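Atoms within a ligand are numbered from 1 in the order they appear, just like the ligands themselves. Every value quoted in this text rests on a predicted model; they were computed, and no experiment measured them.
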Amino acid sequence: MAQIVRFGVSMDAELLAAFDALIAAKGYPNRSEAVRDMVREAIVSRDWEQESSPGVAALCIVYDHDKADLPRRLARLQHHHTREITATLHVHLDEHNCLEVIILKGSPGKLRRFADQVISARGVKHGKLVMTTTGKHLH
Ligand code: NI
Ligand code: NI
């Protein structure tokens with residue numbers, strides 16, 4: 001078990017009130033849990049910036065499958081990244097629109113470039129890359 005350390009934080013009273021309102025609205029049970037999540041979030045963004053450890057990500061896209069051979073172009077892109085793609089979930093939303101969630105693992109730069117290629121493809125209406133981590137060093 002990891003050792004738990006307590007530490008004190010000095011803060012302007014108004015800033016602390018704003019922090020308490022923020023974490024209450026998000027449903028945090030206490031300040032410690034909120035601070036831990038913020039620290040983890042900062043570590044994950046640093047990892048993605050510095051490419052210091054492998055990234056895990058979920059790329060979520062919505063597209064019209066009737067648009068100019070888009071399904072074929074998307075399939076080709078994915079077949080060129082079989083090492084990075086762990087799984088793909090496809091949902092037919094309605095007559096035309098498809099939702100796809102692509103789970104990725106690998107070097108952050110590579111994952112980001114793949115996501116940019118997919119999101120910028122003609123016919124993709126919306127796309128978002130959620131960048132997270134293998135979690136090993138976050139405790
Ligand atoms: Ni395929
Ligand atoms: Ni579909």
How long is the gap from [atom1] on [X] to [atom2] on [Y], to the nearest 0.5 Å?
X: Trp48; Y: Arg112; atom1: CH2; atom2: CZ; result: 6.5 Å
X: Ser107; Y: Arg113; atom1: OG; atom2: CZ; result: 6.0 Å
X: Ile119; Y: His126; atom1: CD1; atom2: NE2; result: 8.0 Å
X: Asn30; Y: Arg36; atom1: CG; atom2: CZ; result: 6.5 Å

For Asp47 and His137, test the side chains for any donor-to-acceptor distance below 3.5 angstrom and give the result as yes or no. yes

Going by atom types only, do Gln78 and Thr88 share a side-chain donor-acceptor pair under 3.5 Å? yes

Note: NE2(His90)-the Ni ion (ligand 2)-ND1(His92) angle, rounded to 10 degrees, equals 100°

Within one Ile-Leu-Val-Met-Phe-Trp-Tyr cluster: Met38 and Val5, side-chain cutoff 4.5 Å: no

Check the Ni ion (ligand 1) and write out every protein N, O or S atom at under 2.8 Å, as residue and atom. His79 NE2

Can you tell me if, anywhere in Cys98, an N/O/S atom lies at a distance from the Ni ion (ligand 2) that is smaller than 2.8 Å? yes

